[in-house]
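Below is one structure, written out as structure tokens; comments come after it.
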Amino acid sequence: MPDTQAVRSRIKTLIVDALHLQGTSPSDIGDEAPLFGEGLGLDSVDALELMVALEKEYGIRIEGHQVGKETFTSVSTLAAFVQGRLAAKPS
Amino acid sequence: MTTTPGPHAPRPVALVTGGSRGIGRATVEALAADGFTVAFTWRESEAEAQRLAERLEGRAVPFRFDLRDRTRPGNLVHEIEEQVGPIAGLVNNAGVRRDGLLATLPDEGWDDLLDANLGGVFRCCRSVIPRMLHRRRGSIVNVSSMTAVHGLAGQTAYGAAKAGILGLTRSLAREVGSRGVRVNAVIPGFVPTAMVADVPPEKVKALRSAEALPAGVTVEGVAAAILFLLSDRSAAITGQTLVIDAGLLA
């Protein structure tokens, strides 16, 4: 399983690529920076797009209605969620 | 996602619920003829579903599905995307009709009709939407009913569900339009299918006599409208309801 830093780094790249963020590079995104509203300015539709990108990247299944909004608070909360799913994934 | 693909272009994939009979089957046939590979669902009519799949020679793939199953849509979409390909279009056609006067309708009957006819559409949309958003491409067509806009005694629950579909369609169109995903609805008029075989002859006569076009509405006519809304031919249309009723409501 990839370590926390590797997952966070990959998620930042996915955010920029999957959401087509102009003028933002992965290194601009802090681990704890809010993704929504005042932070990176993402919206709930972005969260759904990002969810599918995470499914493809990590080979996990995520049902949108089973994931709380708090999961998408920041890169670090998202990384913790992904690592939890990877740990629960049958090998 | 519209016209017949070239010899090397991949065929876009559409999912049609309730695709083994009536309007659903005509829609599967129309989409397959237009260049789609169609995943379609059936609940009871397995033999008809198999026959349709065989006749369309690989352009249509049947899947079992019950609208009331709350966990199935997510798995169904996953299976289709694994086995057939990324879903570019969804036609929510499956429905359950059971008539009865409101005064005698038990809570269970109300709940069941609402859950199947409106909840089923909600769950199927919820399952395909994230993937469509991610691909920034997709079209959904929800099949409503005349009873959504024109009252029919005995169809309070069915009519409420079908009217709910129109509200869902408009709001969902607003939610996902920014990512290139479109959502529309159709209202078929009186179409002679097995689903309306129990409508009394005098009611049928009254409905048909109100149509402006003597030829009336066929399943192929409804399917053509669904194909139009699902395809890029209607690229500038979302949140709309298209009535195919031979002028009944005109």
Side-chain angles (χ1 to χ4, degrees), chain A residues 7 10-24 26 29 35-73 75 77-79 81-82 84-86 88-91, chain B residues 13 15 65 67-90 92 115 118-140 168-183 238-239:
Chain A
V7 174
R10 188 66 194 135
I11 287 173
K12 291 175 187 176
T13 303
L14 286 175
I15 289 172
V16 172
D17 291 348
L19 305 181
H20 308 279
L21 295 188
Q22 307 289 329
T24 303
I29 305 172
L35 299 180
F36 292 91
E38 298 284 310
L40 206 54
L42 305 188
D43 61 24
S44 49
V45 177
D46 291 322
L48 289 173
E49 283 191 75
L50 189 54
M51 200 180 77
V52 178
L54 292 171
E55 284 187 322
K56 288 183 184 301
E57 177 70 20
Y58 292 104
I60 54 180
R61 288 276 305 276
I62 309 171
E63 298 287 349
H65 59 287
Q66 293 169 348
V67 181
K69 200 172 177 181
E70 63 281 1
T71 300
F72 290 86
T73 302
V75 168
T77 58
L78 260 179
F81 171 78
V82 168
R85 285 298 172 100
L86 287 173
K89 195 175 154 185
S91 51
Chain B
V13 175
L15 165 58
F65 172 58
L67 277 174
R68 299 175 183 87
D69 187 336
R70 288 174 176 248
T71 58
R72 178 78 174 124
N75 294 331
L76 175 70
V77 166
H78 186 70
E79 280 170 34
I80 292 169
E81 296 231 334
E82 292 278 307
Q83 295 174 30
V84 187
I87 297 171
L90 166 65
N92 280 306
D115 187 55
L118 183 55
V121 170
F122 153 68
R123 288 186 285 273
C124 287
C125 287
R126 186 175 63 184
S127 295
V128 301
I129 283 289
R131 292 159 196 257
M132 287 181 169
L133 293 173
H134 180 69
R135 293 191 279 265
R136 302 202 169 219
R137 181 181 183 78
S139 178
I140 296 173
L168 179 153
T169 296
R170 288 189 290 267
S171 290
L172 185 57
R174 290 274 180 192
E175 284 186 14
V176 299
S178 66
R179 304 306 194 275
V181 179
R182 299 183 299 110
V183 191
T238 194

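Every chain is numbered from 1, with letters handed out A, B, ... down the list of sequences.
- Nearest heavy atoms, A:A18 versus B:H134: CB-CE1, 4.4 Å.
- Enclosure of atom CZ in B:R174 is not indicated, since only 12 or fewer non-hydrogen atoms of other residues, nucleotides or ligands lie within 6.0 angstrom.
- One distance of note links CG of A:L50 with CG of B:L133; it measures 12.0 Å at 0.5 Å rounding.
- Here the CD atom belonging to B:E175 is positioned 10.5 Å from the CG atom belonging to A:D43, to the nearest 0.5 angstrom.
- Only the side chain of B:R179 comes within less than 4.5 Å of a heavy atom of chain A; its backbone N, CA, C and O stay farther away.
- Here the shortest heavy-atom pairing between B:G74 and A:E63 reads CA-OE2, 3.8 Å.
- Heavy-atom minimum distance, A:V52 versus B:R131: CG2-N, 3.8 Å.
- In this structure, chain B has heavy atoms under 4.5 Å from both the backbone and the side chain of A:D46.
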